[in-house]
J.: 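Here's a structure for you.
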Amino acid sequence: MRVAVLALQGAFIEHEQMLQELGVETFEVRQLSDWQQPKDALIIPGGESTTQVRLLSSLGLLHPIRQAILEGLPVFGTCAGLILLAKEEDGQPRQGLCTMDIDVCRNAYGRQLGSFNATGHVSGIGEHLPMTFIRAPYIHRTLSSDVEILSEVDGHIVAVRQGHQLATAFHPELTTDHHLHQYFIQHIIPSAA
Amino acid sequence: MKENRQELNRQLAQMLKGGVIMDVTTPEQARIAEEAGACAVMALERIPADIRAAGGVSRMSDPKMIRGIQEAVSIPVMAKCRIGHIAEAQILQAIEIDYIDESEVLSPADNIYHIDKTKFDVPFVCGAKNLGEALRRIAEGATMIRTKGEPGTGDVVQAVSHMRLMQSEIRRLVSMSEDELFEAAKQLQAPYELVKYVHENGKLPVVNFAAGGVATPADAALMMQLGAEGVFVGSGIFKSGNPQKRAAAIVQAVTNYQDAKLLAELSEDLGEAMVGINEQEIELLMAERGK
């Protein structure tokens, strides 16, 4: 199994380390030639979503990645990654990959002083999982019944699955807890193959 | 709880990695920076080149001006306070700044003590020109480190020597046996626990950016190749002929810093770079402030 990790900006190394600890081979995607390598899945890391969208389009990656996800490539996005996958932001269409039927609220908890840790339940994945929210988004609402809500914290949706797409508002890659990555590898990637 | 905030603040810096943080003086410049792909902006009244030209005492920016920039963009907004100026830092925390730069670019408020940054909830980035300085700042609570390249000069030489020195000091610590670390801590004038961390992990416990004198995509790529995890660009963008284009090119150069062919394309037609000043021509070495 080979997983592509979008490495344009942000905390991509943390995802690579987590996957390597689970025995999965990874490679970094910084430009189109990297993307053209064979892969079984894609991870979109946390970072600044505006920076990542800008780089995706200037490097000519936006369309090919969007196409691959629409054709069924398994994808896991955390924080900025979730924002990139969302179709809407505050009820308006977004610029980004726009492959998931969710309406997202960016910087939903305010500035850095609003960043926080929590523990929570993620349906079908685990109880009491550590969740790190850094200037995090949350999901206002889902836009189709295909989207399964996996977790809510303080009444806000923070983890969802839509078929082969998984997204969290928090950062499992900043913790030592492998549950979400393991779920992605064991349940989402094989089901799409 | 404090421990927790330190961790969250280190983690915000992790999210900035691979990115470019740009100095901006107006909401309009902040929007240009965000549009070009900056991962954060540094709000200040005058960019370092103008601070240098104006001389005199340089202080924290007007909070109203900083707020204007916070309202203009959705990316993190940083601002500078003077070294040791606890009250300026408290004011910046009160306006919910995302990161405080306790910066040698401003006139120091205290010639001996830095701010005890563990007393704050907002994160701090500090400059360091060698490993000892970096570890002392981290011990004081800094959750991000940057080099102290000479700001406002457009000359990258100082940032290069700081980054090279820090990386070589890290390699030296890694190669030591455990019983040598106590003496190393003494020589570095840094806490033993942090020295041990570097010995075991081969890196600082916080994110390390390059800053000072970065003016071109090639400068940014150079700093990344030397081990920087991201880049601050101060005067280099808005003192140049075509800020939009140069800003976007530097952002791309940081992502693809090893691809010389792409760097060549990015370096084309950027218009005039900022007028540089050589290290030998400057009267004030800001890097000597705060050790």
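In what follows, chains are A, B, ... by sequence order, proteins preceding strands, each numbered from 1.
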J.: Kindly check if the number of other-residue, nucleotide or ligand heavy atoms within 6.0 Å of CZ (B:R67) is above 12?
T.: no

J.: What part of A:T132 is in contact with chain B, defined as an atom under 4.5 angstrom from a non-hydrogen atom: side chain, backbone, both or neither?
T.: side chain

J.: Against chain B, work out which of A:C79, A:A80, A:G47 has the most heavy-atom pairs shorter than 4.5 Å and name it.
T.: A:G47

J.: Relative to chain B, which segment of A:F133 carries a heavy atom at a distance below 4.5 Å: side chain, backbone, both, or neither?
T.: backbone

J.: Heavy-atom distance under 4.5 Å to chain A: side chain of B:Q70, backbone, both or neither?
T.: both

J.: Taking all non-hydrogen atoms of both residues, which atom of B:R5 and which atom of A:L113 are closest, and how far apart?
T.: NH1-O, 3.5 Å

J.: Quick one, A:T50 and B:V73 - any side-chain contact, counting heavy atoms below 4.5 Å?
T.: no

J.: Applying a heavy-atom distance below 4.5 Å, give me the residues of residues 260-268 of chain B that approach chain A, sorted by number.
T.: B:L262

J.: Looking at A:I13, A:N107, A:T51, which makes the most heavy-atom pairs under 4.5 Å with chain B?
T.: A:T51

J.: Which residue pairs satisfy the side-chain hydrogen bond (donor to acceptor under 3.5 Å, both in side chains) criterion with at least one member in residues 150-161 of chain A, sequence neighbours excluded?
T.: A:R161-A:Y183

J.: Could you pull out the closest heavy-atom pair between B:C39 and A:E48, with the gap in Å?
T.: O-CG, 3.2 Å

J.: Could you tabulate the donor-acceptor pairs under 3.5 Å formed by side-chain atoms of residues 220-230 of chain B, not counting sequence neighbours?
T.:
| residue | atom | partner | partner atom | Å |
| --- | --- | --- | --- | --- |
| B:Q225 | NE2 | B:Y257 | O | 2.9 |
| B:E229 | OE1 | B:N208 | N | 2.8 |

J.: What's the shortest heavy-atom distance between B:S74 and A:R106, and which atoms?
T.: OG-NH2, 2.8 Å

J.: Of all heavy-atom pairs between B:L8 and A:I134, which one has the smallest distance, and what is that distance?
T.: O-CD1, 3.6 Å

J.: Which atoms of B:D259 come close to chain A, meaning under 4.5 Å heavy atom to heavy atom: side chain ones, backbone ones, both, or neither?
T.: side chain

J.: With only heavy atoms counted, which part of B:A248 is less than 4.5 Å from chain A, the side chain, the backbone, both or neither?
T.: side chain

J.: Under 4.5 Å heavy-atom distance to chain B, tell me which part of A:E14 shows up: side chain, backbone, both or neither.
T.: side chain

J.: Considering only heavy atoms, give the residues of residues 16-29 of chain B separated from chain A by less than 4.5 Å, sorted numerically, with 'none' for an empty result.
T.: B:L16, B:K17, B:G18, B:G19

J.: Using non-hydrogen atoms and a 4.5 Å limit, figure out which bit of A:L55 sits close to chain B: side chain, backbone, both or neither.
T.: side chain

J.: Heavy-atom cut-off 4.5 Å, strictly under: side chain, backbone, both or neither for A:R135 against chain B?
T.: side chain

J.: Checking side chain to side chain donor-acceptor pair (under 3.5 Å) between A:Q112 and each of B:D98, B:N9, B:D121, which is the one that passes?
T.: B:N9

J.: Is chain B contacted by the side chain of A:E28, its backbone, both, or neither, given a heavy-atom distance below 4.5 Å?
T.: neither

J.: Side chain to side chain contact (heavy atoms under 4.5 Å, CB included) between B:V251 and A:R54: does it pass, once the steps are laid out?
T.: CA-CA 9 Å; B:V251 169; A:R54 173 77 212 196; 5.6 Å; no

J.: For A:A7, is it the side chain, the backbone, both or neither that has a heavy atom under 4.5 Å from a heavy atom of chain B?
T.: backbone

J.: How far apart are the closest heavy atoms of B:Q14 and A:L174, and which atoms are they?
T.: NE2-CD2, 3.5 Å

